[in-house]
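Working notes, structure below.
No hydrogens, no waters, no symmetry mates; every other heavy atom, side chains included, goes into these values. Every chain is numbered from 1 and lettered A, B, ... according to where its sequence line falls, protein lines coming before strand lines.
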2 protein chains.
Amino acid sequence: MTLTTKEKIFQAALDLFSQKGFSGVSIREITRQVGIKESSLYNHFKNKEAILEAILTHFRVDFSKTLPPVDSLDKILSTTEPETFLKTGHSNFKQYMEDPQGQKIWRLLQIEQFREPFAREIILKDFFGETVDFLEIVFQKMIAMKKIKAFDPKILAIEYQYPVFSLLAEYNILKFDGKDTTQVESRLNQHIDFFLEVIRNE
Amino acid sequence: MTLTTKEKIFQAALDLFSQKGFSGVSIREITRQVGIKESSLYNHFKNKEAILEAILTHFRVDFSKTLPPVDSLDKILSTTEPETFLKTGHSNFKQYMEDPQGQKIWRLLQIEQFREPFAREIILKDFFGETVDFLEIVFQKMIAMKKIKAFDPKILAIEYQYPVFSLLAEYNILKFDGKDTTQVESRLNQHIDFFLEVIRNE
DNA sequence: TCATTATACTAACAAACGTTAGATATTTGA
DNA sequence: TCAAATATCTAACGTTTGTTAGTATAATGA
């Protein structure tokens with residue numbers, strides 16, 4: 001699986017931007033990593049800004065694939081216990097966390113969120129918004145099926161997901177320094193267990 | 001209350017770094033905002049890096065003052081209900097959130113966390129670590145006083161504080177665009193209420 | 001008061017920046 | 001097979017970068 005020059009530029013830029021930020025990386029640094037002269041880059045991207053834009057756009061499209069479609073939820077939830085459902089979701093999430101590409105995109109969004117309006121939009125809408133909206137529907141359905149206590153599903157969505165975001169932030173910092181992440185991972189498990197205990201219908 | 005030139009440089013640098021990041025701001029941009037020539041800056045700071053270092057160090061000292069001393073906890077907790085204690089803490093926290101200086105430092109830490117090891121250390125130790133350690137002691141004492149249910153105090157600390165970090169991140173993005181933040185603020189209140197309901201000792 | 005110290009200025013530096021023009025080589029499609 | 005399109009190269013451009021040297025002015029302390 002060989003990459004085109006454009007893809008190599010994309011990857012090198014993502015790698016460098018996610019460490020030093022957009023302003024901290026030069027065209028020459030990117031092309032040096034790819035193995036071409038700096039002028040050649042302009043055959044593939046209009047300018048430096050266009051590389052970042054391509055990365056952010058690609059991520060936006062990519063992220064929308066990680067959640068199961070809402071139409072299939074009734075079927076899934078009728079055959080799956082809340083515990084299994086959440087733990088499966090956690091497993092998917094963990095996979096995303098451990099993927100180096102996912103870590104780079106997360107870091108890039110963190111670094112650029114206050115310089116790049118598009119990054120803010122992705123964090124707010126795709127990251128916070130979409131996940132919470134999805135979970136709200138999930139918990140609403142679980143309540144209708146009397147599988148969990150009848151709390152406000154929106155509140156449940158936040159109570160479940162927001163700690164996960166913080167744990168993910170902590171995880172990515174530790175991972176960046178190559179430090180041990182088992183504690184954060186066990187905290188994520190503890191969080192899910194705690195949450196399940198709280199919402200359980202006796 | 002007039003500022004010295006050094007303080008003006010400090011403030012201008014914090015202001016600009018928190019919007020564009022360290023690499024995105026030039027010495028000339030800082031000195032233009034202060035109203036001096038770029039060479040004059042070097043009478044106050046050794047180089048550009050030293051300004052960032054001064055900002056991060058100042059924040060570290062500053063942040064350690066926001067939590068009440070552990071020695072005074074027994075006295076406070078014996079006369080204060082959990083609900084009042086947490087809501088007072090929330091009020092202090094909100095004040096910090098609404099302070100423009102606090103927002104700038106938060107943004108700076110977010111932007112620089114992967115370029116600057118010191119920023120990572122502050123986020124991990126001061127932000128995550130210290131707050132959770134403090135809350136663990138608080139909940140441990142509340143449990144000993146039989147004021148709340150006997151959950152693992154460390155888990156309670158995380159369940160309480162980690163959603164607050166995520167809400168704070170969301171709050172700061174909205175605030176940066178001048179958008180409405182009442183929804184995030186009400187979510188913070190809902191979180192506290194939910195948490196109190198869960199840990200209440202019947 | 002006067003020497004010293006601190007702070008501001010002008011001017012310049014070498015290096016790095018993003019980007020372009022134009023020549024050369026490689027790949028593609030009729 | 002050969003013209004057209006695409007990708008790479010060398011070389012250079014005008015700016016901006018962080019920083020320094022040297023000089024003038026203002027504040028400080030004996």
Side-chain angles (χ1 to χ4, degrees), chain A residues 1-58 104 107-108 111-119, chain B residues 1-58 104 107-108 111-119:
Chain A
M1 152 109 182
T2 62
L3 298 174
T4 66
T5 303
K6 186 164 189 174
E7 287 165 339
K8 280 189 210 159
I9 294 170
F10 184 99
Q11 288 300 331
L14 172 56
D15 189 56
L16 291 166
F17 287 165
S18 71
Q19 292 180 59
K20 315 183 185 187
F22 179 79
S23 316
V25 177
S26 71
I27 294 285
R28 281 166 180 81
E29 204 173 351
I30 297 170
T31 54
R32 201 184 313 131
Q33 192 158 114
V34 173
I36 55 172
K37 292 292 159 188
E38 57 265 29
S39 56
S40 303
L41 181 141
Y42 291 89
N43 284 312
H44 306 280
F45 292 95
K46 191 178 145 257
N47 53 30
K48 195 186 170 189
E49 196 77 42
I51 308 174
L52 178 61
E53 207 178 295
I55 292 173
L56 293 180
T57 305
H58 177 266
K104 286 176 192 171
R107 296 201 306 256
L108 179 58
I111 295 173
E112 296 302 330
Q113 61 180 317
F114 298 110
R115 216 190 50 83
E116 187 60 56
F118 195 21
Chain B
M1 152 111 179
T2 61
L3 299 174
T4 66
T5 302
K6 185 164 189 175
E7 286 164 339
K8 281 188 208 161
I9 294 170
F10 185 99
Q11 289 299 331
L14 173 55
D15 190 56
L16 291 167
F17 288 164
S18 71
Q19 292 180 58
K20 315 182 185 189
F22 179 79
S23 316
V25 177
S26 70
I27 294 285
R28 281 165 180 83
E29 204 174 351
I30 297 171
T31 54
R32 201 184 313 131
Q33 192 160 116
V34 173
I36 55 172
K37 292 292 158 187
E38 58 265 27
S39 56
S40 303
L41 183 139
Y42 292 88
N43 284 315
H44 305 280
F45 292 94
K46 190 177 145 259
N47 53 29
K48 196 187 169 189
E49 195 78 45
I51 309 174
L52 178 61
E53 207 179 295
I55 292 173
L56 292 179
T57 305
H58 176 266
K104 285 176 193 170
R107 296 200 306 257
L108 179 60
I111 295 172
E112 296 303 328
Q113 62 180 315
F114 298 109
R115 217 192 47 84
E116 186 59 56
F118 194 21

Ser26(A) side chain N/O closer than 4.0 Å to the phosphate oxygens (OP1, OP2) of dA16(C)? no
Could you check how far CG of Leu52(A) sits from C1' of dG18(C), rounded to whole Å? 15 Å
Please tabulate, for side-chain N and O atoms in residues 30-40 of chain A, each donor-acceptor pair with protein atoms closer than 3.5 Å (sequence neighbours left out).
unit_1	atom_1	unit_2	atom_2	d
Thr31(A)	OG1	Ile27(A)	O	3.1
Thr31(A)	OG1	Arg28(A)	O	3.2
Glu38(A)	OE2	Arg28(A)	NE	3.4

In whole angstrom, what separates Ile27(A)'s CD1 from dC13(D)'s P? 20 Å
Return the residues of residues 28-42 of chain A meeting this criterion: a heavy atom under 4.0 Å from some atom of DNA chain C. Order them by number, or give none. Arg28(A), Glu38(A), Ser39(A), Tyr42(A)
Are Lys6(B) and Phe45(B) in a cation-pi setup, meaning NZ or CZ lies under 6.0 angstrom from the ring centre and within 45 degrees of the ring axis? yes
From Lys104(A) atom NZ to Ser18(A) atom OG, the distance as rounded to the nearest 0.5 Å: 6.0 Å
Rounded to the nearest Å, what distance is computed from the NZ atom of residue Lys20(B) to the C1' atom of nucleotide dT16(D)? 13 Å
Rounded interatomic separation in angstrom, taking CZ from Phe45(B) and P from dT20(D): 16 Å
Could you tell me the separation between the CD atom of Glu112(A) and the CZ atom of Phe22(A), rounded to the nearest 0.5 Å? 7.5 Å
Nucleotide dT15(D), atom P - distance to CG of Asn47(A) in whole Å: 19 Å
Any donor-acceptor pair, under 3.5 Å, between the side chain of Asn43(B) and the base of dA6(C), if you only look at N and O atoms? no
Beyond-backbone contact of Glu116(A) with Glu53(A), side-chain heavy atoms, under 4.5 angstrom: no
I'd like to know whether the aromatic ring centres of His58(A) and Phe10(A) sit less than 6.0 Å apart in this structure. yes
Using OP1 and OP2 only, check whether a side-chain N or O of His44(B) sits under 4.0 Å from dA8(C). yes
